[in-house]
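Notes for the one structure printed next.
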Number of protein chains: 4
Amino acid sequence: MQVNNVETLFKKTLRESDLSAKQQSVLQVSLNLFAEQGFDRTSTSEIAKAAGVSEGTVFKQFKTKDGILKAILDPIVAHVVPMVATEFLDELKTNNLVDLKSFLQYAIQDRMTFAVENRQQIKVFAQEILRNPKIITDLSGKVEAVVNGQVGEVLQQFKDRGELVDWPNMRIIRYLVGILGSYVFPQVFLAPTADFDADKASQEAVEVLMRGLTPVK
Amino acid sequence: MQVNNVETLFKKTLRESDLSAKQQSVLQVSLNLFAEQGFDRTSTSEIAKAAGVSEGTVFKQFKTKDGILKAILDPIVAHVVPMVATEFLDELKTNNLVDLKSFLQYAIQDRMTFAVENRQQIKVFAQEILRNPKIITDLSGKVEAVVNGQVGEVLQQFKDRGELVDWPNMRIIRYLVGILGSYVFPQVFLAPTADFDADKASQEAVEVLMRGLTPVK
Amino acid sequence: MQVNNVETLFKKTLRESDLSAKQQSVLQVSLNLFAEQGFDRTSTSEIAKAAGVSEGTVFKQFKTKDGILKAILDPIVAHVVPMVATEFLDELKTNNLVDLKSFLQYAIQDRMTFAVENRQQIKVFAQEILRNPKIITDLSGKVEAVVNGQVGEVLQQFKDRGELVDWPNMRIIRYLVGILGSYVFPQVFLAPTADFDADKASQEAVEVLMRGLTPVK
Amino acid sequence: MQVNNVETLFKKTLRESDLSAKQQSVLQVSLNLFAEQGFDRTSTSEIAKAAGVSEGTVFKQFKTKDGILKAILDPIVAHVVPMVATEFLDELKTNNLVDLKSFLQYAIQDRMTFAVENRQQIKVFAQEILRNPKIITDLSGKVEAVVNGQVGEVLQQFKDRGELVDWPNMRIIRYLVGILGSYVFPQVFLAPTADFDADKASQEAVEVLMRGLTPVK
DNA sequence: CATGAATGAGTCTTCATTCAT
DNA sequence: AATGAATGAAGACTCATTCAT
């Protein structure tokens, strides 16, 4: 199965950057601390200590504390998100999703796993969005392009075959995300319950989505 | 129509408290500032200035900065949420919701309006949940009680009449909230677009929910 | 003889301000430290310690380190300079300066004493002028007004009586200041020699000025 | 006319030193930055960047930041000042200054031009003197030697011929410098006004000095 | 010689909190 | 109850200096 793990991809991006080992460590450690206790509640001295570097080193490269956050978020937005998207879309095609149900089963389960595995990164993103919603305005363009582009093609197939209601792509995706979120949200932001059954959850989600998105005869 | 406005109810709660006018002002102003710029980014001196009181006064009553947040959140959780819930449930009964569609139309539109009107308070809550998920664990008990209690009765009617799938109440509510959230989330947390059409949005939401939640013959 | 001491006047201004004793102490101590070791080489913690207050107190009132400097310089420019000027001019009139020589003797000696007694304040000013010459542009207006105003009247008397060359006031004052400075400068900015004889110095200065400024028959 | 420009001479001194091109660049750039923004407000990284060298290089040669200042000031004191003095004295002799007026005209105008052309260097010196007056104690010996030596010879001629008052050389030079300074100071340290007329200024200065320094019959 | 990443002490500044009035 | 001056610990950030390469 695909890696699909932001942390792995993030580390890869780090390795390919021209940052020194210490500076990479700063970003790695910051990501974890920001996710755990929030940006504002994480001090730069805490970061330095956790990364095993001096406080000067932190600022030498990243200039400001906000610079650290930017150094984390920017490559994720610029590289990780597209990589993940591409990977996901490739899988969609590879897996030869013959009908809507297969497609939904795959997509829902895949994204659910993704969300749970990348809780940390998602939380950092969520915090930043609450603080500065502009960040998502920048992303929404990309998302819309993908939805109407490659994802749109896939959806169109199902529409053509009469398997999917003829609603705008954004509307269909909205419901997909909404239903997915209704399962994922508590796991990511609230207490991640140990008894969360991703299989059962995705089956249920697929069931209600199939009902909601199949054309009425 | 009902007031349904947390701010109004919050003010009412304040009036009924034994807090002096100045102390009420502190809470009122804090709520706004916390929503606008976040708890960590709001200083107590800023609060004091905005509330027109001295810094000493802020602490005289609330002991700590966290105490202010608690003084805001606690009554909302203790009084405002129940009041809103009761009000909502009363309306459900009063409006004589003869069938599932009427029920969904009413519920969705009502909650959508509620969310948009109370953006500020919701944002403060969201921040606090990210920081301290425990707060929702406390709430979830109450919510589950309501869902399985009064709301459960309503849902049961529809199930009995064969208008609603025979799924657990929590599952049904999950989808309701998920679909609702897919419309409301961008308005509350991202850019609140001026062209948001609550009527159209709730009609669409009802449409997909009716499909998803109606039993198959 | 007149007080003529900026420090005394500065303290008087402080007392009349609405600053607390501690805050006055901050300014007093800062003035001394800035004069001794320069603005940039004086740390705020040093100021706090010397003033016997916490570092927070320093910033509570003066906001920034520059704010401290401003709080020192502004009242001097606004009040002390005018007070000193008035005092000086009053003395000029009171002492019934019958001829140019008496006038020069008085003025030179008086200003020389003034400069030597207020070395500290003058040094702080000098530093600030090197850093930010704008400060003197603001003052030059006032100075010119006095030179052409009250001082001008005095000079005009001597011109009318044929005791003083008919040059523009600014030119005459320029030489007065230049010659005065040639004696004062080393005392203020270089090593203040113990054997400095203000009496002899002013006699010499008066001698050369009398020669330079008396009309040729 | 003579070069009379400290920068040119400074560069020449640099070329004749055993410093590498990069290290010379460090001194050159430091001089400018110190003059513009002061020693304390110029960081070593700023110097390194402006000089196009690494931070390590700056310290390799000069050990400390003070070492840079020393490396700038020392050669000026050791070589440039003497060179300028010699040049000046040579000119005095070459120009065959027949009488006191010619001498004053030449000297005043020459030094005035010198001061205005070397504003930067003078400002660095002035700053350093404010900070560490000892530097001038070292210089004063040299100055006194020159004043009583070669300059003394020139002055003696005029005294012998009855063109110049029989005052100690230092006293005469004091007035020369004082009057000169009264014109030059504002140009160097305050706003350098575009309309400064060096010709007119030196004529005026000569006029008052001739009056002040000519023996009374 | 030259580099530049790394250091850590020190700087200015903020802020929640206390307390005498 | 209310004030606001005072506190001091902690925060972000700077900078002269070192050292392995």
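Here is the naming used below: chain letters follow the sequence lines, and residue numbers restart at 1 for every chain.
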Query raised in the report: According to a strict under-4.0 Å criterion, is D/Thr64 in side-chain N/O contact with OP1 or OP2 of F/dA16?
Result: no

Report summary line: Among F/dA16, E/dT11, E/dT17, the one nearest any side-chain atom of C/Ser43 is E/dT11

Query - Whole angstrom value for the distance that separates P of F/dG11 from CZ of A/Phe39 - result: 13 Å

Report summary line: note: B/Arg41, atom CZ; F/dA12, atom C1'; distance rounded to Å ~ 13 Å

Query raised in the report: Base, sugar-phosphate alone, or nothing: which one does A/Lys60 contact when heavy atoms must sit under 4.0 Å apart?
Result: base

Requested in this report: Taking only the side-chain nitrogens and oxygens of C/Lys65, find out if one of them lies under 4.0 Å from OP1 or OP2 of E/dC12.
Outcome: yes

Query - First encountered from the 5' end of DNA chain F, between D/Glu55 and B/Gln61 - result: B/Gln61

Requested in this report: Figure out the NZ/P separation between A/Lys22 and F/dT21, and round it to whole Å.
Outcome: 12 Å

Query - Donor-acceptor pair between C/Gln37 and C/Glu46 side chains, under 3.5 angstrom - result: yes

Query raised in the report: Does C/Ser20 have a side-chain nitrogen or oxygen under 4.0 Å from the phosphate oxygens OP1 or OP2 of F/dA6?
Result: yes

**Report entry** B/Ser54 side-chain N/O to F/dT3 phosphate OP1/OP2 under 4.0 Å
**Finding:** yes

**Report entry** Rounded interatomic separation in angstrom, taking CZ from C/Phe59 and P from F/dA12
**Finding:** 17 Å

Query - Side-chain donor/acceptor of A/Gln121 to backbone N/O of A/Leu31, under 3.5 Å - result: no

Query raised in the report: OP1 or OP2 of E/dC12 less than 4.0 angstrom from a side-chain nitrogen or oxygen of C/Lys63, does that happen here?
Result: no

Query raised in the report: Roughly, in whole Å, what's the span from CG in C/Leu69 to C1' in E/dC12?
Result: 15 Å

Report task. Indicate whether the side chain of D/Glu36 and that of D/Gln120 have a donor and an acceptor atom separated by less than 3.5 Å. Result -> no

Query raised in the report: Charged N to carboxylate O under 4.0 angstrom, D/Lys65 versus D/Glu55?
Result: no

Query raised in the report: Want to settle it: does A/Val53 or D/Gly52 sit nearer the 5' end of DNA chain E, counting the closest nucleotide to each?
Result: D/Gly52

Query raised in the report: Looking for any heavy atom pair under 4.0 Å, which part of the strands does A/Val58 touch: base, sugar-phosphate only, or nothing?
Result: nothing

Query raised in the report: Which part of the nucleic acid, if any, lies within contact of D/Gln23, taking any heavy atom under 4.0 Å across all strands shown: a base, the sugar-phosphate backbone alone, or nothing?
Result: sugar-phosphate

Query raised in the report: Does a donor on one side chain and an acceptor on the other come within less than 3.5 Å for A/Thr57 and A/Gln23?
Result: no

Report task. Specify the separation, in whole Å, of atom CG of D/Leu19 and atom P of E/dA2. Result -> 10 Å

Query raised in the report: Paired with F/dT21: which nucleotide, if any, by Watson-Crick or G-U wobble criteria at under 3.5 Å for both distances?
Result: E/dA2

Query raised in the report: What nucleic acid atoms does D/Thr44 come within less than 4.0 Å of, heavy atoms only: base, sugar-phosphate, or nothing?
Result: base

Report summary line: Answer for the Watson-Crick or wobble partner of F/dT14, both distances under 3.5 Å, is E/dA9

Report task. Using atom CG of B/Asp40 as one end and atom P of E/dC15 as the other, report the distance to the nearest whole Å. Result -> 11 Å

Query raised in the report: Within this structure, what is the NZ-to-P distance between D/Lys49 and F/dC15, rounded to whole angstrom?
Result: 11 Å

Query raised in the report: When the nearest nucleotide of DNA chain E is assigned to D/Thr57 and to B/Thr42 on a heavy-atom basis, which residue is associated with the more 5' position?
Result: D/Thr57

**Report entry** Side-chain heavy atoms of A/Ile135 within contact of A/Leu139, under 4.5 Å
**Finding:** no

